[in-house]
Amino acid sequence: MDNKRLYIQTIGCQMNVNDSQRMASLLGRSGYLAVEQAEGADLIIVNTCSIREKARQKVMSQLGRFRRLKRNNPELIIALGGCLAEQEGEEILKSAPYVDFVFGTRNLNRLPDFIRRAEKGEGRGVHLTPEENYVESLDRIEIKPDKVSAYVIIMQGCDNYCAFCVVPYLRGPEVSRGAGSIIKEVKTLAGQGVREVTLLGQNVNSYGKKEGEIGFTGLLEEIGKIKGIERIRFTTSHPRDLSKGLTRLFGRMEKLCSHIHLPVQSGSNRILALMNRGYTREDYLRKVEELREACPEMSITSDVIVGFPGEREEDFDKTIDLMNEIRFDNLFSFKYSARPGTAALSLPDQVSEEEKDRRLRTLQDLQTVHTWEKNRRWEGRSGEVLVEGISRNTPDDLSGRLKDNRIVNFKGERTRIGSFVEVVIGRAYLHSLRGEFTREVSK
Ligand code: 5AD
Ligand code: SF4
């Protein structure tokens, strides 16, 4: 039997990327071959995001593109999954007759069944009721790693209800995956040649809290014992739940990489309270100081939202002050985007689009200065890189990461992919460093 062709369009976060890989793996068993191009596919899955309005618009424009493909090939099946499907799936199905079915973020295991029904023309479906024990079912679908670095989901959902965020409504309550099944997955990955794992969850610091399991630091230590895994990363952390124990671990656990993504969102206590973040600027600054004490080479990156309702010039100035005080290694900044169903929708004093644009530009310009400053510190120094593959822009170059997550490109033999090498950094750029190979550290 000829393979049918599956094209998955992934929009959004790492969680979606991981879910898409799981879908491809699962559908591989039903004879679908994942392809790189939508043209000529028999099945298109759009794995959507809804974190900001921009993501939603991206999904809608992709759908427009796939609609044209369906005109030429009426047999084509188009499915919509992910966060926007959770949020607006039913409406989209009504307004877009070319979409065959929508499915939720906790319905992946039943995907083959949904597809079979669509193939048989059994009506257009809305499949949004979460599967029972969804988190525990994750280990039923194995993802074959395509690199030496792999993502591993350790929890689903979020209980924090930050006032701006749709995630708790779309991915459901926080549920941690059992440590046993996580460890089993990491061991399998190690056996397949993976050397680095990134533990994924909306708020990894509160891993196991509800379940009374080993807790996040306990989990990290267990993973640290697995042979073959040399580097451990995780994302995303919530500053409120960053424990002293975890901070100390950065100082003493060799395999734990010296980078943390710790979204601050704002430098103003008034805005942090309105956002329902559960910490103050002072708490955040103290935690950063403790992290740097425990691990001086720690790289700290963050997220900031500008123009949250009620953000005045003096609040924005406090964010700028905080940035100057901390000097983040990198920062992802966003204009506040009103999301359906969130608490911030009903807050007064929405900030104008022009003002948001201005604040965003100011903040990005400042971050550029800080990123440059931090990257330049690497010039002339040597560091250990895990070689992940060929450089995206220059196929002659290899590419990998330092422990602090900076990307390094350098000339080298392809056979070095998957090994740890030492490089000397010659030149810093804004998004990467240029290095020169000196020696192989280990295979
Ligand atoms: N508007 C703008 N940014 C948002 N984020 C989450 N929700 C919104 C929103 N409604 C940002 C936060 C979060 C990151 C993943 O996306 O900064 O940390
Ligand atoms: Fe959204 Fe806040 Fe949960 Fe992060 S911690 S997913 S920002 S609600």
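Every number for a ligand or one of its atoms is a count from 1 in the order of the listing.
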[atom]: the protein heavy-atom neighbour that sits closest, reported with distance to 0.1 Å:
atom                    : result
atom 15 (C) of ligand 1 : Asp303 OD2, 3.8 Å
atom 12 (C) of ligand 1 : Gln265 OE1, 3.4 Å
atom 6 (S) of ligand 2  : Gln202 CG, 3.3 Å
atom 1 (Fe) of ligand 2 : Cys165 SG, 2.2 Å
atom 2 (C) of ligand 1  : Lys335 O, 3.3 Å
atom 3 (Fe) of ligand 2 : Cys158 SG, 2.2 Å
atom 1 (N) of ligand 1  : Ser337 N, 3.0 Å
atom 4 (C) of ligand 1  : Arg52 NH1, 3.4 Å
atom 5 (S) of ligand 2  : Asn160 ND2, 3.3 Å

Element-labelled atoms of ligand 1 that are located less than 4.0 Å from some non-hydrogen atom of Ile305
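Atoms satisfying the 4.0 Å criterion: 3 (N), 4 (C), 5 (N), 12 (C), 17 (O).
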Heavy-atom contacts with Tyr336 under 4.0 Å: which atoms of ligand 1 show up? List them by number with element.
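Ligand 1 atoms under the 4.0 Å threshold to Tyr336: 1 (N), 2 (C).
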Are His238 and Ser206 close enough, and set up right, to give a side-chain hydrogen bond (donor to acceptor under 3.5 Å, both in side chains), and what steps lead you there?
CA-CA 8 Å; His238 193 298; Ser206 65; over 6 Å; no
Is a salt bridge present between [X] and [Y], judged by a nitrogen-to-oxygen distance below 4.0 Å?
X      : Y      : answer
Lys318 : Glu325 : no
Lys210 : Glu174 : no
Glu53  : Arg339 : yes
Asp19  : Arg171 : yes
Arg312 : Asp349 : no

Cation-pi check, Arg359 to Phe316: give yes when NZ or CZ is under 6.0 Å from the six-membered ring centre and within 45° of the ring axis, no otherwise.
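Yes, Arg359 sits over the ring of Phe316.
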Atom indices of ligand 2, in the order listed, that fall short of 4.0 Å to a heavy atom of [X]:
X      : answer
Arg277 : 2 (Fe), 7 (S)
Pro168 : 8 (S)
Tyr161 : 8 (S)
His238 : 5 (S)

Would you call the rings of [X] and [Y] parallel, tilted or perpendicular, taking 30° and 60° as the class edges?
X      : Y      : value
His127 : Phe114 : parallel
Phe234 : Phe250 : tilted
Tyr279 : Tyr284 : tilted

Of all the atoms in Cys162, is at least one N, O or S atom closer to atom 2 (Fe) of ligand 2 than 2.8 Å?
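Checking atom 2 (Fe) of ligand 2 against Cys162, an N, O or S atom does fall under 2.8 Å.
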Walk me through whether Val102 and Glu90 qualify under side-chain contact (heavy atoms from CB on, under 4.5 Å).
CA-CA 8 Å; Val102 298; Glu90 285 195 77; 5.7 Å; no
Ligand 1-proximal atoms of Val167, by part, heavy-atom distance under 4.0 Å:
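The answer is neither.
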Can you confirm whether the side chains of Gln62 and Arg65 place a donor and an acceptor under 3.5 Å from each other?
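Present: a donor and an acceptor within the cut-off.
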Arg339 to ligand 1: N or O pair under 3.5 Å?
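The answer is no, given that Arg339 and ligand 1 share no N or O pair closer than 3.5 Å.
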Counting only nitrogen or oxygen atoms and a 3.5 angstrom limit, does Phe164 reach ligand 1?
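Yes: some nitrogen or oxygen of Phe164 is under 3.5 Å from one in ligand 1.
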